[in-house]
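Letters go in sequence order (proteins before strands), and every chain restarts at 1.
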Number of protein chains: 2
Amino acid sequence: MHQPLQCVKILHMNEEVGLRERKKRERRRCIEDAAIDLFEDHGFDRTTIDQIAAAADIAPRTFFSYFPTKEDVVLADYSTRLERIIDELRERSESEPPWDALQASFLVVAADYEAARDDLVRRFTIMAANGTVYARSLQLQAGWEDALAEVLRQRANQKTEDLESRLLASTALACMRSSLRHWLLTGHNAALPALIQTCFGQLADGLTHSR
Amino acid sequence: MHQPLQCVKILHMNEEVGLRERKKRERRRCIEDAAIDLFEDHGFDRTTIDQIAAAADIAPRTFFSYFPTKEDVVLADYSTRLERIIDELRERSESEPPWDALQASFLVVAADYEAARDDLVRRFTIMAANGTVYARSLQLQAGWEDALAEVLRQRANQKTEDLESRLLASTALACMRSSLRHWLLTGHNAALPALIQTCFGQLADGLTHSR
DNA sequence: CCAGAATATCGCAGGCACTGCATTCTTGCA
DNA sequence: TGCAAGAATGCAGTGCCTGCGATATTCTGG
């Protein structure tokens with residue numbers, strides 16, 4: 001119904017990236033860079049919105065039209081990556097076992113993590129050092145857990161919220177967090193996808209035979 | 001006052017519960033009750049510290065000598081329960097497989113949850129309805145995950161932080177959250193320990209054969 | 001029982017994140 | 001070019017949270 005119309009609109013926007021849209025993206029990036037520099041130099045807590053605004057050459061009020069909270073500057077495109085996992089999962093065959101589908105979906109995005117390695121390490125380092133930033137990231141992950149569980153529920157033709165889908169989504173995210181943490185702590189030299197695969201594999205085989 | 005001096009002294013020496021300590025606990029409980037009533041009636045966001053203080057008959061400033069943040073009133077004794085899981089895990093034989101030990105430790109505390117059912121349901125309901133409270137609970141859980149992983153690491157005689165211990169701790173907490181959520185959504189009629197056992201069992205057997 | 005030590009409560013001033021609203025400026029389009 | 005949409009800004013205000021100094025309460029040793 002609205003599908004054709006939407007396509008036209010999207011195409012139109014992609015062809016002509018107006019000055020307005022371009023400036024908005026530039027400024028957003030500018031705020032991110034300025035903020036992350038300040039966070040690294042003086043710490044997250046000791047950096048104020050006013051300081052970020054000054055460094056990014058915007059009015060303090062303007063900051064909040066780009067990011068809802070100070071924490072979200074660090075997480076920024078975090079959300080788009082996780083949304084991609086969900087898209088990936090939706091496109092996979094329903095005949096595939098749910099855990100396999102989850103693993104495959106996470107691995108696709110994990111490969112991208114390697115590409116933007118340095119930038120991600122900076123952000124994750126700030127996140128690991130500050131409780132409120134980490135709390136915010138967990139809060140966002142809770143939202144994605146809901147979305148993941150919902151997709152899994154539909155795949156299994158469950159009518160109501162079921163424990164199994166929730167558990168699968170929750171453990172998948174646990175795999176991701178554990179892998180990311182280990183990746184950071186070990187100097188992010190190992191391949192992230194391999195770590196994730198290890199975690200998913202462990203849970204696939206069962207934890208009774210662990211160790 | 002009405003009691004003989006000797007009794008007071010004996011009580012003090014044996015239990016160390018002076019008037020000071022007793023009043024502190026009473027007031028803490030009083031603040032919790034007042035706050036939770038207000039949260040239920042007007043919502044967490046629409047309740048201010050000043051309102052809580054007025055209802056609990058204390059100065060607003062005093063609130064923060066009992067709770068570090070507004071969110072923590074809802075979570076209150078949450079932390080002591082999770083600490084008990086860690087104590088339980090420490091006392092278990094090291095020959096026991098880690099996942100079995102984790103399951104047993106969580107089940108012990110889950111039984112207590114049933115005892116304080118109504119109070120917990122009130123708190124969890126507020127938590128489920130408010131993002132910042134849930135975020136705070138996840139932040140606290142992250143701390144317990146660290147502690148759990150550390151105990152598991154020592155059990156396995158690992159020298160440095162290892163991926164396996166972290167994954168075990170993380171998935172165990174995922175089991176707990178999933179179970180609690182399902183318990184709440186289904187009208188908290190089912191036995192919580194049974195739900196937790198289901199989750200742990202699923203992961204013990206392996207997720208490849210899921211569904 | 002009573003001073004002084006230890007500790008709790010309280011009031012005050014202030015910092016900072018975040019919001020709503022009204023105004024001004026920039027950009028897109030006819 | 002002129003007008004409508006949207007972005008940036010300034011301002012005033014709310015509310016959480018903190019440090020500090022003053023006051024009140026409880027504990028302890030004599």
Side-chain angles (χ1 to χ4, degrees), chain A residues 9 12-13 15-31 34-35 38-39 42-75 130-133 135-136 139, chain B residues 1 3-31 34-35 38-39 42-75 130-133 135-136 139:
Chain A
K9 273 188 180 175
H12 179 263
M13 286 180 71
E15 282 169 9
E16 288 187 40
V17 182
L19 182 59
R20 187 163 261 162
E21 189 67 19
R22 203 181 60 213
K23 268 204 170 182
K24 205 161 165 59
R25 281 181 208 175
E26 276 172 12
R27 210 172 267 220
R28 185 184 166 91
R29 192 69 191 177
C30 177
I31 296 171
L38 287 169
F39 293 159
H42 309 120
F44 182 84
D45 290 328
R46 303 212 165 279
T47 306
T48 67
I49 300 286
D50 284 10
Q51 289 173 330
I52 298 171
D57 200 42
I58 55 167
R61 183 67 184 85
T62 307
F63 175 89
F64 293 104
S65 62
Y66 283 90
F67 300 96
T69 73
K70 198 172 84 168
E71 285 77 17
D72 284 287
V73 190
V74 183
L75 305 171
N130 187 277
T132 70
V133 180
R136 177 68 178 157
Q139 187 181 5
Chain B
M1 304 245 184
Q3 282 187 346
L5 187 59
Q6 237 187 346
C7 274
V8 172
K9 272 189 177 174
I10 289 168
L11 270 175
H12 176 260
M13 291 177 72
N14 287 347
E15 301 180 9
E16 280 186 17
V17 179
L19 178 60
R20 188 163 261 162
E21 190 65 19
R22 203 182 61 213
K23 268 203 168 181
K24 205 159 164 60
R25 283 182 206 173
E26 276 172 12
R27 222 188 270 245
R28 186 183 165 90
R29 193 69 190 178
C30 177
I31 296 171
L38 286 170
F39 292 158
H42 310 120
F44 182 84
D45 290 328
R46 304 207 166 280
T47 305
T48 67
I49 301 286
D50 284 8
Q51 289 172 327
I52 298 171
D57 201 42
I58 56 168
R61 184 67 183 84
T62 306
F63 175 89
F64 292 104
S65 61
Y66 284 91
F67 300 96
T69 71
K70 198 172 84 169
E71 285 79 16
D72 284 287
V73 190
V74 183
L75 305 172
N130 187 278
T132 72
V133 180
R136 177 68 178 156
Q139 188 181 2

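Less than 4.0 Å separates DNA chain C from at least one heavy atom of each of the following residues of residues 47-61 of chain A: A:T47, A:T48, A:I49, A:R61. Taking a 4.0 Å limit (strictly below) on heavy-atom distances, residues 63-74 of chain A reaches DNA chain D at A:S65, A:Y66.
Minimum interatomic distance between B:D45 and B:K70 (heavy atoms only, all atoms of both residues): O-NZ, 4.1 Å. The shortest heavy-atom contact between B:A34 and B:I52 is CB-O, 4.5 Å.
Between B:L38 atom CG and D:dG15 atom P the separation is 14 Å, expressed in whole Å. When the C1' atom of C:dA8 is taken as reference, atom CD of B:E26 falls 15 Å away, rounded to whole Å. Here C:dC25 presents its P atom at 16 Å from CZ of A:R20, a figure rounded to the nearest Å.
Between A:T132 and A:F44, the closest side-chain pair of non-hydrogen atoms falls below 4.5 Å.
Here A:R27 lies in heavy-atom contact (under 4.0 Å) with sugar-phosphate atoms only.
OP1 or OP2 of C:dT27 sits under 4.0 Å from a side-chain N or O of A:K23.
Relative to the ring axis of B:Y66, B:K24 places its NZ or CZ within 45° and under 6.0 Å from the centre.
In this structure A:R29 satisfies the side-chain contact (heavy atoms from CB on, under 4.5 Å) test together with A:E32, A:D33, A:D119, A:R123, sequence neighbours excluded.
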